Amino acid sequence: MINISNLIKRKEYIGSSKDLYQRLLDHLKGRDSNIRLQRSIAKYGIESFIFVIYYWYKDPAVILTDIETEVIKSFPFEDLYNFKKEANSSLGYKHTIKAIRKMKLRLKDKTKHPMYGKKHSIFALGKISKPGVKNPMFNKKHTIETKKKMSLAKSKTPLALYNKNNNLIKTFTNQVELAQYLNISKSTIGRYLKSGNILLDKFIIRKFKE
DNA sequence: TACGAATAAAATTCAGACGG
DNA sequence: CCGTCTGAATTTTATTCGTA
């Protein structure tokens with residue numbers, strides 16, 4: 001529950017939001033704000049305004065708009081910038097299938113994406129940063145499928161196993177796979193691949209090109 | 001000196017926040 | 001919605017280290 005007041009005109013704007021900072025930013029940047037408030041800011045300057053928090057709840061079960069309506073009622077309506085006596089919110093609104101389809105279509109050309117080629121602000125980066133226990137992956141395990149994907153993506157040097165007479169025995173996607181096949185340490189595989197020496201007096205390992 | 005274990009480095013997926 | 005981001009988890013590959 002917030003209030004932005006103009007000290008000179010003695011007028012107030014009452015608002016509420018799930019994300020206080022985000023909503024305040026809307027008003028400060030003049031996007032999706034209240035037009036009366038915006039005009040007044042333009043006229044008197046932002047330094048004529050003060051910002052007050054009336055109520056602060058972390059519990060999502062608290063219906064902020066109900067409280068907001070009560071607060072609005074407690075002021076003479078003509079002393080407010082607000083247009084509506086009843087507060088409402090789009091919290092929990094779901095896009096229609098049509099709207100989603102439209103968005104998808106527009107974004108098919110990825111240069112059309114609002115973020116295309118842009119950099120995030122320092123502030124946004126700070127919000128995104130989640131070190132330690134705050135990280136969504138903290139203390140979680142990757143699934144077998146995920147591990148497989150990672151393995152596949154990382155294995156870009158296929159290897160071929162030859163015998164002493166240069167006959168191809170088998171090909172492998174990476175060193176680990178070959179190590180398992182021979183039941184030998186992967187360190188050894190890497191070493192012999194690099195040196196080109198004969199392994200166990202039997203095998204030669206080379207990079208495989210098809 | 002040769003091996004495997006341990007560790008480091010680089011690269012990748014994942015889940016989640018941001019924001020037009 | 002989806003492109004821009006992050007850090008944890010995990011993998012492959014490269015390097016270091018102790019042991020016989």
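As a basis for the values below, the full set of heavy atoms in this structure was taken, side chains included, without hydrogen atoms, waters or symmetry mates. Below, read A as the first sequence line, B as the second, and so on, with proteins coming before strands; counting in each chain starts at 1. The shown structure was predicted, so the numbers you read here are calculated from the model rather than taken from an experiment.
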Which residues share a salt bridge (charged side-chain N to carboxylate O under 4.0 Å, His left out) with A/Lys164, sequence neighbours left out: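 With sequence neighbours excluded, A/Lys164 shows a salt bridge (charged side-chain N to carboxylate O under 4.0 Å, His left out) to A/Asp201, given in chain and number order.
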
Spatial distance of atom [atom1] ([X]) from atom [atom2] ([Y]) [nearest 0.5 Å]:
X        : Y        : atom1 : atom2 : answer
A/Arg206 : A/Leu168 : CZ    : CG    : 9.5 Å
A/Ile205 : A/Asn197 : CD1   : CG    : 10.0 Å
A/Lys186 : A/Leu178 : NZ    : CG    : 13.0 Å
A/Leu200 : A/Ile184 : CG    : CD1   : 4.5 Å
A/Glu177 : A/Lys170 : CD    : NZ    : 6.5 Å
A/Leu161 : A/Thr171 : CG    : OG1   : 9.5 Å

Could you tell me how far apart [X] ([atom1]) and [N] ([atom2]) are, to the nearest whole angstrom?
X        : N      : atom1 : atom2 : value
A/Lys207 : C/dT13 : NZ    : C1'   : 11 Å
A/Met150 : B/dA11 : CE    : P     : 13 Å
A/His142 : B/dA15 : NE2   : C1'   : 9 Å
A/Lys149 : C/dT10 : NZ    : C1'   : 14 Å
A/Lys154 : B/dA8  : NZ    : C1'   : 12 Å
A/Leu152 : B/dT12 : CG    : P     : 12 Å

Sugar-phosphate only, base, or nothing, as touched by A/Lys186 at under 4.0 Å among non-hydrogen atoms: base

Sugar-phosphate, base or nothing in reach of A/Ser187, heavy atoms under 4.0 Å: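 Answer is base: heavy atoms of A/Ser187 come under 4.0 Å of a base.
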
Members of residues 188-202 of chain A that approach DNA chain C, where some heavy atom sits under 4.0 Å away: A/Lys194

Minimum-distance nucleotide to A/Thr146 side chain [options: C/dT10, C/dT11, B/dC14]: B/dC14

Selection from B/dC14, C/dT12, B/dT12 that lies nearest to any side-chain heavy atom of A/Ala153: B/dT12

Heavy-atom closest pair, residues A/Lys202 and A/Ile198: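 Distance-wise, the nearest heavy atoms are N-CG2, 3.5 Å.
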
Any A/Lys147 side-chain nitrogen or oxygen under 4.0 Å from OP1 or OP2 of C/dT12: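 For C/dT12, OP1/OP2 do not have a side-chain N/O of A/Lys147 under 4.0 Å.
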
Phosphate-side-chain proximity, A/Lys148 and C/dT11, N/O vs OP1/OP2 below 4.0 Å: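 No.
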
Side-chain donor/acceptor of A/Asn163 to backbone N/O of A/Asn165, under 3.5 Å: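 Yes.
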
Near-strand residues of residues 171-185 of chain A, defined as heavy-atom separation under 4.0 angstrom from DNA chain B: A/Ile184, A/Ser185

